[in-house]
Colleague: 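Pasting a structure here, questions to come.
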Amino acid sequence: MTLIARLTPLASALLLAACATTRPPAEAPAPAEPPPPPTAIAAPGPAPATPTAAAPSREAAATLLEDNLRPGEKVDLDAADANEDLWVRLRQGFQLQDLDDDWVHKAEAWYSARPDYVERMTTRGSRYLFHILEEVEKRGMPSELALLPFIESAFVTHAVSSAKATGMWQFMPATGRDFDLKQNIFRDDRRDVLASTRAALDYLGRLYKMFGDWHLALAAYNWGPGNVQKAVARNQRLGLPTDYESLRIPDETRYYVPKLQAVKNIVLNPDRYALGLPPVSNHPYFLSVKIDRDIDVELAARLAGISLETFQQFNPQMNKPVILAAATPQVLLPYDQASAFAGNLERHEGPMASWTAWVVPKTMSPAEAARRSGMAEATLRDVNRIPPKMLVKAGSTLLVPRGEHVVADVSERLADTAALNLAPDAPPLRRVSFRAGKADTVASVAARYRVKAEQVAQWNKVASSARFKPGHAIVVYTATAAPAATKQARLATAKAAPKAAKGGRGRTVVAAANP
């Protein structure tokens, strides 16, 4: 069964040069850019042979291409408006009120002093800018918003902040889920070029409706809407203006909109700052290719005739070395490579995917899971990112080799909900309860049971430096056997315990439990 059929340009990005066949130039990675996720893990079996096929001509391929943002319209890369300068179109859509203060001047000076960084950032961004601008214009938004990824991530699709914000638009996990960006073991849609752009502009639209001011909406995107609402309410109570420049906000947020203003100023007049902008044509840089079967990332890159790294630049949401068609029914590729991919995919014979998903039936060690799935334990740990000394809990999903007997692809439900849950590989803890002796303290009990004093304090709701009163009921959770009570402790407990509690005086009770 063949995988494909028709190409649709995803109203996405753009050309770095006027010629549509020019590939993006190689660039030195920015120092802060994280490496791509490990989708390059070798397939468990021998790589299937790839049939070669000449890329179809642009004229022939153009009859197959349809822009899904403009349904019914064919893509013509030789049309007059397709070769216009996208930067001109971007400038014509600027609407935000300009800022001109020390913060803006500081950002302008910072960018001006780093021409190499600006070149990398704008060249990288030019791959995605056409698509973003199309989405901005569809919503009637100011075109300055298309420049926001320059501020958020410098258009690094794998960027991760110290607060775990991820992707080109830097979505936090909870906010991403709020805007239907799936995050599971197979993919993270916060890194997906198309999905994250849609979500970011939806979020900005919501914030603008909330505040009625784009500067405040941008501040809320950076700082959170609740914080901005509190800052506005404070100024209202004090009878102060509530515009962006009048609010009391953290320096990071105070600097946020001025940085966007500085980038806008550079786009308006790069010569003024001794900077250059890469040429960007006014048409999609990449296209979407539909897939209807699971396929290895490595095979997809090979069928497209591009490196794995280049493939990941256009499809950064993949967490694993396989693309699940049920959850990712399309891949993004540069124009000419998309045409070649479609032809090679039609001619490909042999398996598409070397991996599949397996739901673990019971809690087990990685070694046992590896034996059951027929792979080396080190490989299973690597591809599923299982740290040492951890068990895989029942119901977890693991990526394992796809045997020849496996016909069905991974289901949509599993592809969307797959999770890996781990537990410490340690003996079960037992609940030990006893009465405090005359000299028992949190520290002495912790030493006796070989646990941390902070744990004993937490279990018994006392301070870490506390001394227990004789006869006080103490609870400890431990993996070791309960130590025998000393003669002195037994005597102290017997004297301190109420006579009514004869049956339990000084007695240590052990039961299996979880704290």
Colleague: Apply side-chain hydrogen bond (donor to acceptor under 3.5 Å, both in side chains) to Asp178 and list each qualifying residue two or more places apart in sequence or on a separate chain.
Modeller: Arg206
Colleague: Counting C-beta onward and ignoring hydrogens, is there a side-chain heavy-atom pair between Phe94 and Leu268 closer than 4.5 Å?
Modeller: yes
Colleague: Would you mind reporting whether Phe186 and Leu399 have side-chain heavy atoms less than 4.5 Å apart?
Modeller: yes
Colleague: So do Leu398 and Val383 actually touch side chain to side chain, heavy atoms under 4.5 Å?
Modeller: no
Colleague: Asn384 side chain to Ile386 main-chain N or O, any donor-acceptor pair under 3.5 Å?
Modeller: no
Colleague: Going by salt bridge (Lys or Arg N to Asp or Glu O under 4.0 Å), name the pairs with one or both residues in residues 213-234, residues two or more places apart or in two chains.
Modeller: none
Colleague: Does Asp409 pair with Arg402 as a salt bridge, N-O distance under 4.0 Å?
Modeller: yes
Colleague: Are the side chains of Leu148 and Leu260 in contact, using a 4.5 Å heavy-atom criterion?
Modeller: yes
Colleague: With a 6.0 Å cut-off (strictly less than), is the heavy-atom count around CD of Gln458, excluding the residue itself, greater than 12?
Modeller: no
Colleague: Is it true that Glu135 and Arg139 have a side-chain N and a carboxylate O under 4.0 angstrom from each other?
Modeller: yes
Colleague: Any luck finding a side-chain donor-acceptor pair between Thr253 and Asn222 under 3.5 Å?
Modeller: yes
Colleague: Which is it for Met168 and Ile132 under the side chain to side chain contact (heavy atoms under 4.5 Å, CB included) test, yes or no, and what are the steps along the way?
Modeller: CA-CA 11 Å; Met168 188 165 65; Ile132 296 172; 4.1 Å; yes
Colleague: So, taking the atom named CG in Leu391 and the one named CG in Leu422, what distance separates them when rounded to the nearest 0.5 Å?
Modeller: 8.5 Å
Colleague: Quick test of your reading: applying side chain to side chain donor-acceptor pair (under 3.5 Å), list the pairs with at least one residue in residues 92-110, sequence neighbours left out, ordered by first then second residue.
Modeller: Asp98-Gln261, Asp98-Lys264, Asp100-His105, Glu108-Asn265, Glu108-Tyr273
Colleague: Cation-pi between Arg191 and Phe171: NZ/CZ under 6.0 Å from ring centre and within 45° of the ring axis?
Modeller: no
Colleague: Spell out, as yes or no, whether a donor-acceptor pair under 3.5 Å connects the side chain of Thr122 to the backbone of Glu119.
Modeller: yes
Colleague: Do Asp188 and Leu181 come within less than 4.5 Å of each other through their side chains, counting heavy atoms only?
Modeller: no
Colleague: With sequence neighbours left out, write down each residue that passes side-chain contact (heavy atoms from CB on, under 4.5 Å) with Pro388, or none if nothing qualifies.
Modeller: none
Colleague: What is the ring orientation for Tyr203 with Tyr221, classed by angle as parallel under 30°, tilted 30 to 60°, or perpendicular over 60°?
Modeller: tilted
Colleague: Find the distance between CZ (Arg385) and CG (Asn319) and round it off to the nearest 0.5 Å.
Modeller: 5.5 Å
Colleague: Decide whether Tyr256 and Glu152 meet the rule of one side-chain donor and one side-chain acceptor closer than 3.5 Å.
Modeller: yes
Colleague: Report the distance from atom CD of Glu298 to atom CD1 of Ile323, rounding to the nearest 0.5 Å.
Modeller: 11.5 Å
Colleague: Can you tell me how far apart CZ (Phe150) and CZ (Arg124) are? Round to the nearest 0.5 Å.
Modeller: 9.5 Å
Colleague: Would you call Val263 and Ile151 a side-chain contact if the rule is heavy atoms closer than 4.5 Å?
Modeller: yes
Colleague: Test your reading of the model: is there a side-chain donor-acceptor pair from Asn235 to the backbone of Leu240, 3.5 Å cut-off?
Modeller: no
Colleague: Mind checking side-chain contact (heavy atoms from CB on, under 4.5 Å) for Lys393 and listing every partner two or more places apart, or none if nothing turns up?
Modeller: Thr363, Ser396, Asn421, Ala423
Colleague: Kindly indicate whether the side chain of Pro225, heavy atoms from C-beta on, has any atom under 4.5 Å from the side chain of Leu207.
Modeller: yes
Colleague: Is it true that atom CZ of Arg248 has more than 12 heavy atoms of other residues, nucleotides or ligands lying nearer than 6.0 Å?
Modeller: no
Colleague: In chain order, what residues pass the side-chain hydrogen bond (donor to acceptor under 3.5 Å, both in side chains) check against Ser153, with sequence neighbours excluded?
Modeller: none
Colleague: Specify the closest pair of heavy atoms between Val410 and Ala357, including all atoms of both residues, with the distance to one decimal.
Modeller: CG2-N, 3.7 Å
Colleague: Please examine the side chains of Phe286 and Leu194, heavy atoms only from C-beta on, and report whether any two atoms are closer than 4.5 Å.
Modeller: yes
Colleague: Hey, is the main chain of Gly167 close enough, under 3.5 Å, to the side chain of Gln170 for a donor-acceptor pair?
Modeller: yes
Colleague: Backbone N or O of Arg413 within a donor-acceptor pair of the Thr417 side chain at under 3.5 Å?
Modeller: yes
Colleague: Within this structure, what is the OG1-CZ distance for the pair Thr123 and Phe155, rounded to the nearest 0.5 Å?
Modeller: 11.5 Å
Colleague: Can you tell whether the side chains of Arg89 and Glu137 come within less than 4.0 Å, N to carboxylate O?
Modeller: yes
Colleague: So, Trp358 and Thr397: side-chain donor and acceptor under 3.5 Å apart, yes or no?
Modeller: no
Colleague: In Å and rounded to the nearest 0.5 Å, what is the CG to OG distance from Leu299 to Ser354?
Modeller: 8.0 Å
Colleague: Identify whether the distance between the nearest side-chain nitrogen and carboxylate oxygen of Asp189 and Arg187 falls below 4.0 Å.
Modeller: yes
